[in-house]
Amino acid sequence: MSAQPSTTTSVPRHIAIIMDGNGRWAKERGLPRTEGHRIGAQSVEEIVEACGELGVEFLTLYAFSSENWKRPKREVDTLMKLLEHFLKSKTPKMMKQNVRLQAIGRLHDLPQSCQDRLHKSIEQTSQNTGLTLILALSYGGREEIIDGIKSLVESVEKGHLDSGMINGDVFSKHLYTRYYPDPDLMIRTSGEMRLSNFLLWQLSYAEFYITEVLWPDFRKPQLIEAIRVYAERERRFGGV
Ligand code: FPP
C-alpha cells in the first residue's frame with residue numbers, strides 16, 4: 001500500500017493520536033493516576049466507534065511507548081492489565097462494528113498473557129473490513145527506524161534487495177506500518193507540543209492538531225472538531 005497520505009481534505013483516511021493527560025485528569029480530581037487510564041480506555045472505545053461511523057479507514061493509537069516502561073511498576077502493571085481486559089471485553093464489540101485490530105511496536109516486550117490476548121483479538125478480527133485500529137504498544141519511532149534499517153540490511157545481505165534501489169518507498173516497506181498509508185492527521189491531547197517518538201517517519205506530511213483537552217475528556221464531539229479544523233486546512237505536500 002502507498003505510504004503517501006490521502007489528498008482529500010474532508011474526513012482523514014488515517015488518524016494517529018497521542019492520548020495524553022490521563023494522569024493530569026486523575027490528579028485534578030484527587031484520584032490515582034490509574035483511574036485516569038481507566039476512563040481513558042472509555043475514550044478509546046468511544047473514539048474507535050466514532051471513527052468507524054465517520055468513515056475513517058485507519059486509526060493509530062499511541063497506547064504504550066517504549067519510554068513508558070520507565071514508569072513505576074504498579075502503573076505499568078495496571079496499564080498492561082487494562083489493555084488485556086480491554087481486548088478481552090471489547091473484541092466482541094469490534095466484531096460487531098467490523099473493526100480490524102492490528103498492533104505495532106516491539107510486541108515481544110509485553111507480558112506473555114497480554115501478547116496472547118492481543119494475537120487472539122488480531123486473529124479474530126482479521127477478516128473485518130471496516131476501520132483498522134492499530135495499537136502502538138511498546139512503540140518508539142526511533143526503535144522502529146532502527147528495526148527497519150536492520151531489516152533492510154538483512155534483505156541486502158540475503159541478496160533480495162540491491163542497495164542502489166533503496167529509496168523512501170522501499171524503506172517504508174520495512175517499517176512496522178508497511179501495510180498502512182501514512183497518517184493524514186495527528187491529534188495530541190493535553191496541549192504538549194511534542195512528537196514524543198511517535199511515528200517519526202510516517203508523520204512527515206501529516207497535519208497536527210493539538211488540543212488542551214485531556215484524553216479522558218476527548219470524546220466524539222472533540223474528534224469531530226479536530227476533523228473540522230483539519231478539513232479547513234489546505235494540504236500542499238511542499239508544493240505551491
Ligand atoms: C498518557 O497519559 C497515556 C498513556 C501513557 C497510556 C494510554 C492508555 C490509555 C488511554 C488506556 C488504555 C489503552 C487502551 C488501548 C485500552 P499520562 O499518564 O502520560 O498523563 P499525564 O501526562 O497527565 O501524566
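In each ligand, atom 1 is the first atom listed, and ligand 1 is the first ligand listed.
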Begin from the C-alpha positions of Glu53 and Gln97 and carry the test side chain to side chain donor-acceptor pair (under 3.5 Å) through to its verdict.
-> CA-CA 9 Å; Glu53 286 167 5; Gln97 294 174 345; over 6 Å; no

Check against salt bridge (Lys or Arg N to Asp or Glu O under 4.0 Å), Glu192 and Arg24 = CA-CA 12 Å; Glu192 310 293 346; Arg24 272 161 283 175; 3.0 Å; yes

Co-members of Ile146 in a cluster of I, L, V, M, F, W and Y side chains, linked at under 4.5 Å =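 Members alongside Ile146: none; it stands by itself.
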
Flag, side chain of Glu144 to backbone of Tyr176, donor-acceptor distance under 3.5 Å |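 At least one qualifying donor-acceptor pair exists.
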
Do you reckon Ile122 sits in the same ILVMFWY cluster as Val99, going by side-chain contacts under 4.5 Å, direct or chained?
->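 Same hydrophobic cluster.
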
Give me the pairs of N or O atoms, one from ligand 1 and one from the protein, that sit under 3.5 Å apart.
| unit_1 | atom_1 | unit_2 | atom_2 | d |
| --- | --- | --- | --- | --- |
| ligand 1 | 2 (O) | Gly21 | N | 3.4 |
| ligand 1 | 2 (O) | Asn22 | N | 3.3 |
| ligand 1 | 18 (O) | Arg33 | NH2 | 2.8 |
| ligand 1 | 18 (O) | Arg71 | NH1 | 2.9 |
| ligand 1 | 19 (O) | Asp20 | OD1 | 3.3 |
| ligand 1 | 19 (O) | Arg71 | NH2 | 2.7 |
| ligand 1 | 20 (O) | Gly21 | N | 3.3 |
| ligand 1 | 20 (O) | Asn22 | N | 3.2 |
| ligand 1 | 20 (O) | Gly23 | N | 3.0 |
| ligand 1 | 22 (O) | Asp20 | OD1 | 3.0 |
| ligand 1 | 22 (O) | Arg24 | NH2 | 2.8 |
| ligand 1 | 23 (O) | Gly23 | N | 3.3 |
| ligand 1 | 23 (O) | Arg24 | N | 2.7 |
| ligand 1 | 23 (O) | Arg24 | NE | 2.8 |
| ligand 1 | 24 (O) | Arg33 | NH1 | 3.0 |
| ligand 1 | 24 (O) | Arg33 | NH2 | 3.2 |

Give a yes-or-no answer on whether the side chains of Thr60 and His14 include a donor-acceptor pair shorter than 3.5 Å.
->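 His14 and Thr60 do have a side-chain donor-acceptor pair below 3.5 Å.
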
